[in-house]
Amino acid sequence: MTLALRYAARSDVGLVRQNNQDSAYAGPNLLVVADGMGGHAGGDIASSLAIAALAPLDETEHGPQEALADLERTVEQARQDLVHASEVDPDLAGMGTTVTALLRSGNTLAMAHLGDSRAYLLRDGALNQVTVDHTFVQHLVDTGRISPDEAETHPQRNVVMRVLGDFDVDLTPDMSVREARPGDRWLLCSDGLSGFVPLEQITQVLAECESPEEAADLLITLAMTAASTDNITVVVADVVDPDDVEASWVSTSTQVVGAAASEMSPELARPAPDAAEDASRRHDDDEDDEDDDARPAPKRRPWIGVLVILAVLGGLGYGAWWAYGWTQEQFYVGVADGQVAVYRGIPQSAGPLTLSQPVRLTGTPVDELPAYWSDRLDGTIRASSEAEALERAERLIDDALPTPTPSPSTSPSPESSGSPAPSSSPASGSSPAARDEGAEA
């Protein structure tokens with residue numbers, strides 16, 4: 001049984017960045033995501049050079065024994081290309097990129113990984129992160145300094161310790177071989193997705209979307225909805241048995257997205273970073289352009305562009321509608337009208353659209369809670385149903401507010417047994433029973 005891939009690659013500049021420094025490649029035998037280092041000169045060039053170096057691997061048959069060695073050798077060649085490019089153009093000094101790549105050889109997948117882009121595998125309904133982030137925060141987790149939950153919000157979570165860079169240092173990537181099984185779904189992504197969209201939401205999308213194209217489009221939409229501050233790039237690929245699916249379910253064309261799509265031709269012949277060769281290439285291109293001008297102009301078909309635009313808009317609209325519907329199935333504990341409240345949705349907004357609204361007030365004023373407990377009402381207490389959210393809210397209130405114990409009273413003497421005993425209890429309006437009634441109102 002020889003397996004094949006069906007794949008989709010997508011990339012978006014995001015909501016904050018001015019240019020896209022991510023690149024990705026998807027072909028019949030090769031999947032790659034490269035995240036150019038933000039803040040460094042030439043991050044887009046670094047990711048493009050990495051894709052250009054790796055792309056020729058998609059055109060060659062690799063035996064199971066050779067695939068891993070070929071992939072590691074080519075990653076090293078990409079590093080040398082970055083070093084050479086920065087030597088030719090000093091303005092590019094300091095550029096770097098992550099690399100996460102899968103090279104198919106028969107029924108196995110060779111993997112190379114450097115940086116904090118990620119590879120996930122959905123198998124039998126369970127999603128597992130296959131790669132380990134090469135970051136300072138991951139090092140703290142591995143050494144027991146912080147917990148995985150603390151790593152999600154650590155201020156230095158984006159500090160990468162190992163990348164493909166132009167510095168002349170040998171940083172060996174993580175290399176491994178994985179079994180490919182029919183029904184597997186792989187996700188390769190930059191941290192513009194994994195750093196902003198919860199793992200549970202990624203799992204739901206990968207499990208429920210029928211095609212890689214639908215899943216990739218929706219993941220981009222969800223990252224935008226989550227207000228991702230980085231470029232967003234995803235490659236989704238299904239492992240299929242060609243004998244069990246229609247021919248259309250096996251991808252054969254090459255997909256290049258992000259910076260690499262604009263830096264080089266679709267064929268991705270590796271560009272030489274030498275300035276003289278680049279100038280010669282541009283001169284040859286100018287001569288070709290003059291020859292092209294002598295030929296009749298091709299007939300234009302503007303309706304094709306209109307159909308493409310409508311299809312893209314329709315896909316984005318469906319993705320946004322699905323994402324909004326998913327948010328309205330979520331609940332969390334927050335504050336409304338000065339009270340502890342249950343909200344439907346997620347504590348975020350998408351432009352002018354607010355993605356949550358209060359659906360239940362508990363009646364407990366927030367200012368009655370100690371500061372530590374009131375600080376927890378920031379939308380991080382999540383639930384899958386309104387009843388579960390209300391239960392968590394009531395539990396928080398019970399934990400935050402101590403139950404007063406009755407004040408001791410002097411037993412009445414026989415002489416005063418007919419008179420009511422004096423009470424030192426607070427006024428009835430502030431009794432525990434009154435507070436409970438307010439919480440249930």
Side-chain angles (χ1 to χ4, degrees), residues 7-17 20-22 24 26 31 33 35 38 100 116-122 125-131 133 149 152-153 157-158 185-238 255 257-258 311-332 343-357 379-380 382-384:
Y7 44 81
R10 302 288 188 268
S11 187
D12 196 283
V13 68
L15 301 172
V16 176
R17 299 293 177 87
N20 196 345
Q21 298 191 5
D22 288 1
L31 310 170
V33 165
D35 181 354
T100 301
D116 63 348
S117 295
R118 291 181 177 179
Y120 293 93
L121 172 60
L122 180 74
L127 185 67
N128 291 301
Q129 181 180 335
V130 176
T131 54
D133 296 345
D149 289 341
E152 293 295 328
T153 56
R157 62 186 180 277
N158 294 326
R185 173 165 284 183
W186 285 87
L187 167 65
L188 276 58
C189 66
S190 64
D191 61 346
L193 174 74
S194 59
F196 295 89
V197 180
L199 184 62
E200 296 80 6
Q201 198 169 352
I202 294 175
T203 303
Q204 184 177 4
V205 170
L206 294 177
E208 294 184 0
C209 288
E210 180 178 358
S211 68
E213 294 82 0
E214 181 184 354
D217 288 336
L218 186 51
L219 289 172
I220 293 289
T221 300
L222 292 178
M224 299 281 281
T225 303
S228 176
T229 58
D230 206 346
N231 305 144
I232 312 158
T233 300
V234 302
V235 173
V236 180
D238 289 347
Q255 299 179 26
V257 297
V312 171
L313 291 177
L316 291 175
Y318 173 78
W321 171 82
W322 192 96
Y324 178 77
W326 179 88
T327 66
Q328 300 309 295
E329 296 175 358
Q330 312 304 308
F331 295 86
Y332 68 93
Y343 277 78
R344 178 193 298 274
I346 59 176
Q348 294 170 351
S349 60
L353 179 62
T354 301
L355 300 179
S356 64
Q357 59 182 354
T380 58
R382 305 290 183 88
S384 58

(message) Y343: which residues meet the ring pair (Phe, Tyr, Trp, His ring centres under 6.0 Å) condition with it, sequence neighbours left out?
(response) Y332
(request) Report the C-alpha distance between D191 and R118 in whole Å, list the side-chain angles of each, state the deciding distance to 0.1 Å, and finish with yes or no for salt bridge (charged side-chain N to carboxylate O under 4.0 Å, His left out). (result) CA-CA 7 Å; D191 61 346; R118 291 181 177 179; over 6 Å; no
(message) Can you give me the closest heavy-atom contact between V33 and C189, atom names plus distance?
(response) CG1-C, 3.9 Å
(message) Contact between L219 and L206 at the side-chain level, heavy atoms closer than 4.5 Å - yes or no?
(response) yes
(message) Contact between T229 and F196 at the side-chain level, heavy atoms closer than 4.5 Å - yes or no?
(response) yes
(message) Determine whether a donor-acceptor pair (N or O, by modelled atom type, separation under 3.5 Å) exists between the side chain of S11 and the backbone of V257.
(response) no
(request) Please report the shortest heavy-atom distance between A215 and V205, naming the atom on each side. (result) O-CG1, 3.9 Å
(message) Could you check whether any side-chain N or O of N231 sits under 3.5 Å from a backbone N or O of Q21, counting only pairs where one atom can act as donor and the other as acceptor?
(response) yes
(message) Looking at every heavy atom in both A24 and V235, which two are closest together, and how far apart are they?
(response) CB-CG2, 3.9 Å
(request) In sequence, state the C-alpha distance, the side-chain angles, and the governing distance for T233 and D22, and then conclude on side chain to side chain donor-acceptor pair (under 3.5 Å). (result) CA-CA 7 Å; T233 300; D22 288 1; 2.9 Å; yes
(message) A side-chain contact here means heavy atoms from C-beta on lying under 4.5 Å apart; do D217 and R10 qualify?
(response) yes
(request) Test L187 against L127 for side chain to side chain contact (heavy atoms under 4.5 Å, CB included), laying out the working first. (result) CA-CA 10 Å; L187 167 65; L127 185 67; 5.8 Å; no
(message) Could you check whether D230 and S190, counting side-chain N and O atoms only, form a donor-acceptor pair closer than 3.5 Å?
(response) no
(request) May I ask you to test the Y120-T203 pair for a side-chain heavy-atom distance under 4.5 Å? (result) no
(request) For residues G14 and I232, report the shortest heavy-atom separation together with the two atoms involved. (result) CA-CD1, 4.3 Å
(message) Could you measure the distance from the OG atom of S194 to the CG atom of D133? Nearest 0.5 Å is fine.
(response) 7.0 Å
(request) For S117 and T131, work out which heavy atoms get closest and say how close. (result) O-OG1, 4.0 Å
(request) Compare every heavy atom of G258 with every heavy atom of N20, then report the nearest pair and how far apart it is. (result) ND2-CA, 3.8 Å
(message) Just verifying a value: how many Å separate Q255 CD and L31 CG, rounded to the nearest 0.5 Å?
(response) 10.0 Å
(message) Counting C-beta onward and ignoring hydrogens, is there a side-chain heavy-atom pair between C209 and R185 closer than 4.5 Å?
(response) yes
